[in-house]
Amino acid sequence: VRAAAREAASGGRVLDVSGRGLGALPLEQLLEQLCDLPAPTEDFDSSTALQRVSALRVGGNKLATINSGGGASILLSQMRGLRVVDATRNKLQQLPAALAALAVEEIHVAYNSLSVAAVETLIRPPAAGGGGGGVLFGALRHVDLSANSLDAIPPSLCALPKVDTIKLANNRLTSLYASGGGWVCATPSLAHLDLSSNQLVDLGELPLQLSGERMRTLSLENNALTAVPAALSRLSALGTLGLAGNPQRQVRQGLLEKGTLAIMEYLRTMAPPTATAASDDGAAAGAGGGAAAAARSEVDELGARLDAVTA
């Protein structure tokens, strides 16, 4: 604890107690150590030491909660400069409510036991009338919820206004349909989405909800997908599309091995024509039909004149 406090006070701005086998987060002890340490600089103020912390790293412990009592909650709420929380590989079943009022940009909580309800309790939009919550909701850019206890997409994830990366690998997702608590995505900033190693059989409306100009990475490996929708071809900026480990037979193994560019080109050939293309084709067909009708009219008129002459 003293070493972690010394590192935070020395200008590192990181409280790192990861890999210590802790069953509770010793924030009170950390603050005591911060206050007892000699000031590393003349302008150091131990009373505001927690406000200087920008990253809290508590991964690789045995924490069931980061919020180990009222005192810890108060101390956590004082970390107003906190931007990164890494609690990977613990036993978390809930996340501290105090985080909802902090402008944290990255949350890494893979390999825990978090449920959809636990995520929804923390990540919530601002209350009507501007009262309470919502600071975290408006700041989050990176959320890693891999290997938890999620059986549906937490709806609030799909509405985060600034999120760039969402990782949901190794959960228990079976559906992305809205009726299953699934994907109704209003996140134009989303660029990286990891849904690998779940039990998805169908992508639903996902290909149409993602931003074609923004998406860079879509990981769908090791699911139960039986088809690959051609609509994925509209994701023009996609650099990585992972499909291996699915029972689908539409995109053959040889094509998968050629990589994303080859897969996307194939999907474009399978996609139905756009409305513009269909309109152009219809116009061309209409023009061709009009020309044929005019030709038939000319033939009929010529035949009538010949009949008149022979009569």
Side-chain angles (χ1 to χ4, degrees), residues 1-112 114 118-119 121-124 126 132-145 160 162-165 167:
V1 172
R2 184 175 178 81
R6 184 182 296 111
E7 171 64 21
S10 66
R13 301 186 67 192
V14 176
L15 269 180
D16 189 348
V17 291
S18 56
R20 311 289 178 91
L22 300 174
L25 184 61
L27 282 179
E28 290 96 337
Q29 295 95 315
L30 284 167
L31 183 60
E32 290 175 1
Q33 293 290 344
L34 282 170
C35 293
D36 291 342
L37 285 172
T41 60
E42 292 183 359
D43 62 346
F44 179 78
D45 180 2
S46 62
S47 66
T48 60
L50 288 178
Q51 296 180 25
R52 297 168 177 257
V53 174
S54 63
L56 177 62
R57 303 191 185 281
V58 297
N61 286 295
K62 301 176 182 179
L63 302 175
T65 177
I66 299 177
N67 188 18
S68 57
S73 178
I74 294 173
L75 293 176
L76 188 61
S77 67
Q78 293 178 6
M79 296 184 182
R80 300 186 185 93
L82 193 63
R83 297 295 178 264
V84 177
V85 174
D86 187 348
T88 303
R89 295 187 182 278
N90 277 283
K91 299 180 179 180
L92 297 177
Q93 297 183 8
Q94 61 182 0
L95 293 167
L99 287 179
L102 300 176
V104 175
E105 297 178 357
E106 297 184 24
I107 290 184
H108 303 264
V109 285
Y111 294 94
N112 281 284
L114 296 169
V119 176
T121 299
L122 178 67
I123 303 175
R124 60 185 189 275
V135 177
L136 176 67
F137 179 86
L140 271 176
R141 298 179 182 274
H142 184 114
V143 183
D144 188 353
L145 287 161
L160 292 170
K162 294 182 179 180
V163 69
D164 172 86
T165 301
K167 296 184 177 182

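- The side chain to side chain contact (heavy atoms under 4.5 Å, CB included) with Val53 is formed by just one residue from the set Leu82, Val84, Val14; it is Leu82.
- Note that CD of Glu105 and NE2 of His142 are 12.0 Å apart. Values are rounded to the nearest 0.5 Å.
- The one candidate from Val85, Thr65, Leu122 that meets the side chain to side chain contact (heavy atoms under 4.5 Å, CB included) condition with Leu95 is Leu122.
- The nearest pair of heavy atoms linking Ala87 to Asn112 is O-ND2, 3.1 Å.
- Checking side-chain atoms of Asn61 against main-chain N and O of Asn90 turns up no donor-acceptor pair under 3.5 Å.
- Minimum interatomic distance between Leu63 and Gly23 (heavy atoms only, all atoms of both residues): CD2-C, 3.6 Å.
- Nearest approach of Met79 to Leu15, heavy atoms of both residues: CE-CD1, 3.7 Å.
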Q: Report the C-alpha separation of Val58 and Leu22 in whole Å, then their side-chain angles, then the decisive distance to 0.1 Å, and conclude whether the side chain to side chain contact (heavy atoms under 4.5 Å, CB included) test is met.
A: CA-CA 9 Å; Val58 297; Leu22 300 174; over 6 Å; no
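- One distance of note links NZ of Lys91 with CG of Leu114; it measures 14.5 Å at 0.5 Å rounding.
- Contact detail for Lys162 and Gly138: the closest heavy-atom pair is CD-O, 3.2 Å.
- Residues Val135 and Ala103 come closest through the heavy atom pair CG1-N, 3.7 Å.
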Q: Applying side chain to side chain contact (heavy atoms under 4.5 Å, CB included), run through Ile107 and Leu136 and close with a yes or a no.
A: CA-CA 10 Å; Ile107 290 184; Leu136 176 67; 4.1 Å; yes
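- Closest of all the heavy-atom pairs between Gly21 and Lys62 is O-CD, 4.1 Å.
- With Ser18 contributing its side chain and Arg57 its backbone, the two residues share no donor-acceptor pair below 3.5 Å.
- Under the 4.5 Å side-chain criterion, counting only non-hydrogen atoms from C-beta, His108 is not in contact with Lys167.
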